[in-house]
Amino acid sequence: MSGRTIQLGGHRVEVSRADKVLFPRDGLTKGDIAEYYHRVGSTLVRYTKDRPLASERYPDGIEGQRIFQKNVSARTPGWVRRVEVPKREGGRNIQVVCEEPDTLVHLADQGVLTPHVWLSRTDDLERPDRMVFDLDPSDNGVEELRSAAHHTRRLLEEVGLPAFVMTTGSRGFHVLVPLRREDTFHRVREFARGIATVLSERSPELLTVEQRKEDRAGRVFVDYLRNSYAQTTVAPYSVRARDTAPVATPISWRELDEVGPRGFTLGDVPERLATHGDEWSGIGNRATSLTRPRRRLAELRSGS
DNA sequence: TTATGTG
DNA sequence: CACATAAAAAAATGT
DNA sequence: ACATTT
Ligand SMILES: [Mn+2]
Ligand SMILES: [Mn+2]
């Protein structure tokens with residue numbers, strides 16, 4: 001064993017090699033990541049609680065190998081909650097459920113930079129309580145990307161759905177809709193496809209629903225396929241494996257016109273949370289049924 | 001990151 | 001003991 | 001069955 005070990009949180013979670021540099025350009029260490037998650041953990045766990053979690057690990061830093069891990073590590077302590085989830089084509093995974101900040105510190109110790117979570121919760125894995133529109137630019141500028149997000153919000157509100165937006169810290173934005181847990185992934189995905197299709201028909205120069213990169217032709221991909229069983233989205237307030245350590249950050253629709261996908265970083269977010277609070281604090285109280293929006297979307301498509 | 005195998 | 005190596009995801013879509 | 005994308 002080599003390097004400094006630190007302890008954090010009520011469980012005195014050990015973080016080994018705390019001085020190991022994971023972000024060479026920024027000098028950020030594993031200890032910095034663990035301390036960040038310790039600080040924002042109480043807010044972050046609102047978005048991971050009750051959801052199967054998958055880990056994006058970089059044990060040798062962001063220039064090393066990327067490991068996407070679903071099953072809980074052998075070394076994960078017993079106080080960390082787990083859930084057994086069936087795979088679609090048979091078999092099972094045992095995944096972490098992050099209920100408390102100490103779990104994030106442990107994950108950081110394992111080299112996890114970015115936790116990803118399901119759109120459904122452990123007590124009903126088949127019925128999501130979130131719908132996501134993942135806006136992925138081709139080579140579009142930030143103005144086009146913002147425009148894509150505003151178009152998405154406008155259509156969702158036209159059909160009666162609330163919409164929340166966050167930076168991903170990577171290339172795009174995510175637009176989230178809180179749902180009542182009435183519909184299966186299949187039905188939610190069909191609805192999301194309808195929304196994405198109307199968006200691309202309204203703005204054919206700007207938006208596309210084509211999954212194949214070569215068919216996207218410089219447009220913003222409205223990725224509705226995230227709304228599927230066992231698919232994940234980056235957890236709000238998680239760190240991304242890119243220079244400057246950008247953070248996936250919930251923002252207001254007003255702020256959208258002032259920031260890009262990497263507008264907030266590990267250095268800004270704790271202070272932002274302290275002064276402005278969490279922009280999504282109300283998302284849990286806005287869960288909506290798709291029944292009426294489905295009819296309104298159908299009316300829109302038949303021109304009424 | 002960690003467990004395991006080899007000289 | 002020092003060092004090498006393996007392993008850590010899966011769903012939807014289209015051909 | 002396989003490649004692509006996430
Ligand atoms: Mn994306
Ligand atoms: Mn995507």
Side-chain angles (χ1 to χ4, degrees), chain A residues 1-5 13-22 29-31 33-34 51-77 80 82-96 105-120 125-126 128 131-138 168-174 184-193 196-197 208-217 219-235 240-241 248 261:
Chain A
M1 234 184 269
S2 66
R4 185 176 60 115
T5 294
V13 183
E14 291 204 351
V15 178
S16 67
R17 297 175 182 78
D19 297 320
K20 182 171 186 174
V21 174
L22 301 185
T29 64
K30 198 168 85 166
I33 303 304
R51 301 172 190 281
L53 181 148
S55 291
E56 189 181 350
R57 300 174 66 189
Y58 297 83
D60 292 321
I62 66 174
E63 293 176 352
Q65 191 189 6
R66 168 187 190 262
I67 298 149
F68 199 88
Q69 180 171 339
K70 293 192 167 184
N71 283 285
V72 62
S73 290
R75 291 278 308 263
T76 295
V80 172
R82 293 135 162 94
V83 64
E84 178 175 315
V85 299
K87 304 186 203 182
R88 266 297 186 247
E89 310 261 331
R92 300 273 188 284
N93 288 328
I94 309 292
Q95 296 188 221
V96 166
V105 175
H106 166 252
L107 292 172
D109 180 48
Q110 293 295 296
V112 175
L113 290 183
T114 313
H116 300 251
V117 290
W118 284 35
L119 298 172
S120 58
L125 293 171
E126 302 284 345
M131 175 168 57
V132 60
F133 295 89
D134 168 22
L135 304 176
D136 292 333
S138 296
T168 63
S170 184
R171 292 178 36 76
F173 294 108
H174 283 181
T184 61
F185 273 105
H186 177 79
R187 305 239 326 146
V188 171
R189 185 169 69 249
E190 285 303 297
F191 178 86
R193 182 175 65 158
T197 301
T208 179
V209 295
E210 295 296 336
Q211 183 179 24
R212 296 292 256 68
K213 284 182 176 176
E214 60 181 273
D215 296 328
R216 293 186 197 165
R219 296 168 289 180
V220 177
F221 175 39
V222 184
D223 184 358
Y224 64 88
L225 290 166
R226 296 291 84 208
N227 300 287
S228 301
Y229 181 82
Q231 298 304 296
T232 59
T233 60
V234 55
R240 306 310 304 272

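Numbered from 1 within each chain, the chains take letters A, B, ... in sequence-line order.
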Would you be so kind as to tabulate the donor-acceptor pairs closer than 3.5 Å made by side chains of residues 220-228 of chain A, with sequence neighbours excluded?
residue	atom	partner	partner atom	Å
A:Asp223	OD1	A:Leu225	N	3.0
A:Arg226	NH1	A:Gln231	OE1	3.3
A:Arg226	NH2	A:Gln231	OE1	3.2
A:Asn227	OD1	A:Val132	N	2.8
A:Asn227	ND2	A:Val132	O	2.9
A:Asn227	ND2	A:Tyr224	O	2.8
A:Ser228	OG	A:Arg189	NH1	3.1
A:Ser228	OG	A:Leu225	O	2.9

Going by atom type alone, with no hydrogens or angles, which donor-acceptor pairs under 3.5 Å involve a side-chain atom of residues 106-115 of chain A and a protein atom two or more places apart or on another chain?
residue	atom	partner	partner atom	Å
A:Asp109	OD1	A:Ser16	N	2.8
A:Asp109	OD1	A:Ser16	OG	3.3
A:Asp109	OD1	A:Lys30	NZ	3.2
A:Thr114	OG1	A:Val239	O	2.5

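Atom-to-atom distance recorded for A:Gln65:CD and A:Asp60:CG is 8.0 Å, nearest 0.5 angstrom. The NZ atom of A:Lys20 sits 11.5 Å away from the OG1 atom of A:Thr29 when rounded to the nearest 0.5 Å. Rounded to the nearest 0.5 angstrom, A:Asp215 CG and A:Thr208 OG1 are separated by 7.5 Å. The CD1 atom of A:Ile94 sits 7.0 Å away from atom CG of A:Asn71, with the distance rounded to the nearest 0.5 Å.
In this structure, the CG atom of A:Leu53 is 13 Å from the P atom of C:dA9, given to the nearest Å. Rounding to whole angstrom units, CZ of residue A:Arg92 and C1' of C:dA11 are separated by 17 Å. The distance between atom CG of A:Leu113 and atom C1' of B:dT1, rounded to the nearest whole Å, is 13 Å. In this structure, A:His116 atom NE2 and C:dA9 atom P are separated by 14 Å, rounded to whole Å. Distance, A:Ile94 CD1 to C:dA9 C1': 15 Å, rounded to whole Å. Regarding A:Asn227, its CG atom lies at a distance of 16 Å from the P atom of C:dA11, rounded to whole Å. The distance from atom CD of A:Glu56 to atom P of B:dT1 is 16 Å, rounded to the nearest whole Å. With rounding to whole Å, A:Leu125 atom CG is found 15 Å from C:dA10 atom P.
Judged purely by atom type and a 3.5 angstrom limit, A:Arg82 uses its side chain to pair as donor or acceptor with the backbone of A:Val80. In this structure, the side chain of A:Arg219 does not engage the main chain of A:Val209 through any donor-acceptor pair within 3.5 Å. Without hydrogens or angle criteria, A:Arg66 side chain to A:Glu56 main chain gives no donor-acceptor distance under 3.5 Å.
The stretch residues 60-70 of chain A has no heavy atom under 4.0 Å from DNA chain D, so no residue of it qualifies as close.
A distance of about 23 Å separates the P atoms of C:dA9 and D:dT4, rounded to the whole Å. The same atom, P, is picked in B:dT1 and in C:dA11; the two are 29 Å apart, to the nearest Å. Comparing the C1' positions of C:dA10 and B:dT2 gives a spacing of 23 Å, expressed to the nearest Å.
Not one side-chain nitrogen or oxygen of A:Asn93 sits closer than 4.0 Å to the OP1 or OP2 atom of C:dA9.
With distances taken from any side-chain atom of A:Tyr229 to the nucleotides B:dT2, C:dA9, C:dA11, the minimum falls on C:dA11.
In terms of position along DNA chain C, the nucleotide closest to A:Arg57 lies nearer the 5' end than the nucleotide closest to the other residue of the pair A:Leu225 and A:Arg57.
Residues A:Lys213 and A:Arg216 have side chains in contact (heavy-atom distance under 4.5 Å, counting atoms from C-beta outward).
Residue A:Thr168 comes nearest to A:Gly172 through the heavy atom pair OG1-O, 2.9 Å, listed as atom of the first residue, atom of the second, then distance. A:Pro52 and A:Gln95 make their closest contact through CB-NE2, 3.8 Å (heavy atoms, listed as atom of the first residue, atom of the second, distance). Across A:Ala235 and A:Ala248, no two heavy atoms sit closer than the pair O-CB, 3.9 Å.
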Show the distances under 3.5 angstrom between N or O atoms of the protein and N or O atoms of nucleotides 1-4 of chain C.
none

Nucleotides 3-5 of chain B: which of its N/O atoms have a protein N/O under 3.5 Å away?
none

Using a cutoff of under 3.5 Å, can you pull out all pairs of nitrogen or oxygen atoms linking the protein to nucleotides 3-6 of chain D, with atom names and distances?
residue	atom	partner	partner atom	Å
D:dT5	OP1	A:Lys213	N	3.4
D:dT5	O3'	A:Arg216	NH2	3.0
D:dT6	OP1	A:Arg216	NH1	2.9
D:dT6	OP1	A:Arg216	NH2	2.9
D:dT6	O3'	A:Asp223	OD2	3.1
D:dT6	O3'	A:Arg226	NE	3.2

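Residue-environment remark: CZ (A:Arg193) stays at or below the threshold of 12 foreign heavy atoms within 6.0 Å.
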